[in-house]
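To start, the structure itself, in structure tokens.
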Amino acid sequence: MKCEILPEQCIACGLCQTIAPSFFDYTDEGIVVFVGEAKAMQEFVPVSEEEHVLAATRRCPTRAILLHDSL
Ligand code: SF4
């Protein structure tokens, strides 16, 4: 599974980082980035993180997180 983030749609609500803190992080402005990959817009989701990332994706109020089976 691959995760894509759309920072232009992020409203810095903090939910995704709360739900999946090992996968999502924030810029100084609170906009979503990937942990350890601050410039990446897409990232493979480790199997161990899939459940959390899926939950975060469902809770994102602006649909700024997308999941893809493959890209
Ligand atoms: S849940 Fe969505 S809107 Fe909220 S910080 Fe994460 S990506 Fe941004």
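Both counts, for ligands and for their atoms, begin at 1 and track the order of listing.
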Specify whether an N/O/S atom of Cys16 falls short of 2.8 Å from atom 8 (Fe) of ligand 1.
no
Considering only non-hydrogen protein atoms, determine which one is nearest to atom 2 (Fe) of ligand 1 and report residue, atom name and distance to 0.1 Å.
Cys60 SG, 2.3 Å
Note, Cys3 side chain near Glu49 side chain (heavy atom, < 4.5 Å):
no
Should Phe44 and Met1 count as side-chain neighbours, where that means a heavy-atom distance under 4.5 Å?
no
Test log, rule side chain to side chain contact (heavy atoms under 4.5 Å, CB included), inputs Phe34 and Met41:
CA-CA 8 Å; Phe34 294 116; Met41 295 295 112; 5.7 Å; no
Considering the heavy atoms of Cys10, write down every atom of ligand 1 situated less than 4.0 Å from one of them.
3 (S), 5 (S), 7 (S), 8 (Fe)
After noting the C-alpha distance and the side-chain angles of His52 and Ser22, does the key distance pass the side chain to side chain contact (heavy atoms under 4.5 Å, CB included) rule?
CA-CA 9 Å; His52 299 303; Ser22 299; over 6 Å; no
Under 4.0 Å to a heavy atom of Ile11 - the qualifying atoms of ligand 1, by number:
3 (S), 8 (Fe)
Quick one: NZ on Lys2 to CG on Leu66, what's the gap to the nearest 0.5 Å?
13.0 Å
Taking 4.0 angstrom as the limit and counting only heavy atoms of Gly14, give me the atoms of ligand 1 inside it, by number and element.
4 (Fe), 5 (S)
Check Tyr26 against ligand 1 and report side chain, backbone, both or neither, counting heavy atoms closer than 4.0 Å.
side chain
Main-chain N/O of Arg63 paired to Gln9 side chain as donor or acceptor, under 3.5 Å
yes
Output the list of atoms in ligand 1 that are nearer than 4.0 Å to some heavy atom of Thr62, sorted by atom number.
3 (S)
Between Val32 and ligand 1, find which residue part has any heavy-atom pair under 4.0 Å and reply side chain, backbone, both or neither.
side chain
Exactly one of Ile19, Ile65, Val33 clears side chain to side chain contact (heavy atoms under 4.5 Å, CB included) with Phe24, and that residue is Ile65
Tell me, which protein residue and heavy-atom name are nearest atom 4 (Fe) of ligand 1, and how many Å apart are they?
Cys13 SG, 2.3 Å
